[in-house]
Protein chains: 2
Amino acid sequence: MSGIAAAGRPLRADARRNYDKILAAATEVFAEQGAHASLDHIADIAGVGPGTLYRHFPTRNDLIAAAIDTSWSDLAQRGSELDDAADPLTALRDWLLGLAQHSGIYGGLAECIAPAFAGETSPFRPTCDSSVAVTETLLARAQAAGLIRQDVKASDLVVIANSLAWATDHNGASTRDLPRLLDLMVMGLA
Amino acid sequence: MSGIAAAGRPLRADARRNYDKILAAATEVFAEQGAHASLDHIADIAGVGPGTLYRHFPTRNDLIAAAIDTSWSDLAQRGSELDDAADPLTALRDWLLGLAQHSGIYGGLAECIAPAFAGETSPFRPTCDSSVAVTETLLARAQAAGLIRQDVKASDLVVIANSLAWATDHNGASTRDLPRLLDLMVMGLA
DNA sequence: GACAAAACGGAGACTGTCTCCGTATATTCG
DNA sequence: CGAATATACGGAGACAGTCTCCGTTTTGTC
């Protein structure tokens with residue numbers, strides 16, 4: 001992504017090259033083996049030493065965050081465009097479904113993201129914040145239209161979406177159950 | 001718990017003693033450190049070698065299942081008594097809340113249990129089955145009273161309860177958010 | 001008390017995480 | 001271009017956790 005060191009100084013050519021190789025390897029391996037894949041193995045695939053991997057991405061979450069950055073930003077982007085949708089309730093529902101499904105791109109991803117939704121500092125923080133912001137907008141519109149109870153909070157919805165994503169990849173439920181579970185929640189049980 | 005080897009033969013005195021010591025240590029350590037605590041450490045606390053621990057409890061889940069056995073059975077017991085409750089909807093809601101809260105006794109427990117709800121073989125299977133059975137009964141009553149949609153399945157509710165338990169101990173939500181999240185779901189968003 | 005069956009326990013193989021630092025590569029500057 | 005310096009590399013290895021194997025010890029039985 002950035003290609004820029006934390007300081008602001010541009011990366012040295014070889015460093016930049018390795019950064020990209022690691023990210024490519026990570027994307028592939030995470031997709032295959034889930035977010036818990038061995039980091040040393042990713043370094044192997046990238047053709048670099050473990051030290052190099054950890055220098056660029058000090059924690060697992062740093063690496064995962066970099067790997068999902070574009071797809072997650074895209075999601076938030078599309079979400080913010082749902083503002084203009086005809087039916088506020090459907091818009092909200094579609095957004096939450098997209099959010100939950102996105103956590104399914106790597107097995108175990110929902111678990112990594114969860115703490116960020118809780119407010120802890122994490123590499124997922126920025127994108128998390130924008131997700132909550134989108135949710136807030138869509139929720140406000142649905143509430144204004146009298147379609148959703150006033151006491152529902154955006155953070156509740158985000159947590160629930162992420163929980164259902166978790167349930168999905170822990171086989172507590174299969175992927176195709178996701179929409180039904182979400183609808184159950186949005187539409188209510190009654 | 002059992003005190004009986006898989007075969008059916010009674011355990012030798014020393015084996016029996018160690019079984020109990022391990023279980024006591026596990027209960028304590030799991031409560032302190034969560035369900036991911038080191039098993040070798042539990043063996044240490046129990047004053048036995050790792051080999052002994054693994055002989056009695058071949059997998060982590062075997063140990064956890066033994067540790068929560070009584071409390072979980074009690075829960076199912078109390079649940080089945082809710083059949084006589086005045087309001088079927090409240091009864092169902094209370095049961096699901098109890099189920100979700102129970103997974104909170106050890107951090108990370110919801111994760112261990114999840115696969116069992118999905119039907120995979122697991123030491124949690126038996127108790128899981130009885131939980132689902134209780135849920136089915138309570139759900140059927142609420143549906144018969146026209147309080148819950150007909151297409152809702154007991155397994156959905158159990159999965160959702162467990163997911164919320166997970167959300168709780170991953171700080172995606174705090175313990176005191178649990179009832180609200182559950183109500184949101186049971187009562188619906190509208 | 002002796003024999004066989006049952007159980008113990010801990011050394012150690014293995015996997016994954018993460019760091020340290022001697023070596024190599026890039027960039028800058030004379 | 002050829003130092004000099006900053007930057008980055010990589011892999012050996014420390015550490016933690018899981019789990020097993022097998023020589024030794026304990027228990028139950030006759």
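Protein chains get the first letters and strands the later ones, always in sequence-line order, with residue 1 at the start of each.
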Subject >> Rounded distance [0.5 Å steps], CG in B/Leu139 versus CG in B/Leu89 >> reply: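 Atom-to-atom, B/Leu139:CG and B/Leu89:CG are 10.5 Å apart.
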Subject >> Sequence neighbours excluded, every pair satisfying salt bridge (Lys or Arg N to Asp or Glu O under 4.0 Å) that has a member inside residues 26-44 of chain B >> reply: none
**OP:** Among residues two or more places apart or on two chains, list those pairs meeting salt bridge (Lys or Arg N to Asp or Glu O under 4.0 Å) that have a residue in residues 124-148 of chain A.
**Re:** A/Arg125-A/Asp129
Just jot down the salt bridge (Lys or Arg N to Asp or Glu O under 4.0 Å) partners of [X], sequence neighbours excluded, or say none.
X        : answer
A/Arg93  : A/Asp183
A/Asp156 : B/Arg180
A/Asp84  : none
A/Asp14  : A/Arg12

Original post:
Given C/dA7, is OP1 or OP2 found less than 4.0 Å from the side-chain N or O atoms of B/Thr52?
Top reply: no
Could you state the [atom1]-[atom2] distance from [X] to [N], rounded to the nearest angstrom?
X       : N      : atom1 : atom2 : value
B/Leu63 : D/dT18 : CG    : C1'   : 14 Å
B/Ile45 : C/dG9  : CD1   : C1'   : 17 Å
A/Asn18 : C/dA24 : CG    : P     : 16 Å
B/Arg55 : D/dC22 : CZ    : C1'   : 11 Å
B/His56 : C/dA7  : NE2   : P     : 8 Å
B/Asp62 : D/dT18 : CG    : P     : 15 Å
B/Tyr19 : C/dA6  : OH    : P     : 19 Å
B/Arg16 : C/dC8  : CZ    : C1'   : 18 Å

**OP:** Give a yes or no on whether a salt bridge exists between A/Arg16 and A/Asp20, defined as a side-chain N under 4.0 angstrom from a carboxylate O.
**Re:** yes
Original post:
Does B/Thr90 have any side-chain contact (heavy atoms from CB on, under 4.5 Å) partners at least two apart in sequence or in another chain, and if so, which?
Top reply: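 By the side-chain contact (heavy atoms from CB on, under 4.5 Å) rule, B/Thr90 matches B/Asp87, B/Asp94.
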Pairs: protein N or O with nucleotides 26-30 of chain D N or O, under 3.5 Å:
{"from": "D/dT26", "atom 1": "O2", "to": "B/Arg12", "atom 2": "NH1", "distance (Å)": "3.0"}
{"from": "D/dT26", "atom 1": "O2", "to": "B/Arg12", "atom 2": "NH2", "distance (Å)": "3.0"}
{"from": "D/dT27", "atom 1": "OP1", "to": "B/Arg17", "atom 2": "NH2", "distance (Å)": "3.2"}
{"from": "D/dT27", "atom 1": "O4'", "to": "B/Arg12", "atom 2": "NE", "distance (Å)": "3.4"}
{"from": "D/dG28", "atom 1": "OP1", "to": "B/Ala13", "atom 2": "N", "distance (Å)": "3.2"}

Report all interatomic pairs (protein N or O, nucleotide N or O of nucleotides 16-19 of chain C) with separations under 3.5 Å.
{"from": "C/dT17", "atom 1": "OP1", "to": "A/Arg60", "atom 2": "NH2", "distance (Å)": "2.2"}
{"from": "C/dT17", "atom 1": "OP2", "to": "A/Ser38", "atom 2": "OG", "distance (Å)": "3.3"}
{"from": "C/dT17", "atom 1": "OP2", "to": "A/Leu39", "atom 2": "N", "distance (Å)": "3.0"}
{"from": "C/dC18", "atom 1": "N4", "to": "A/Asp40", "atom 2": "OD2", "distance (Å)": "3.1"}

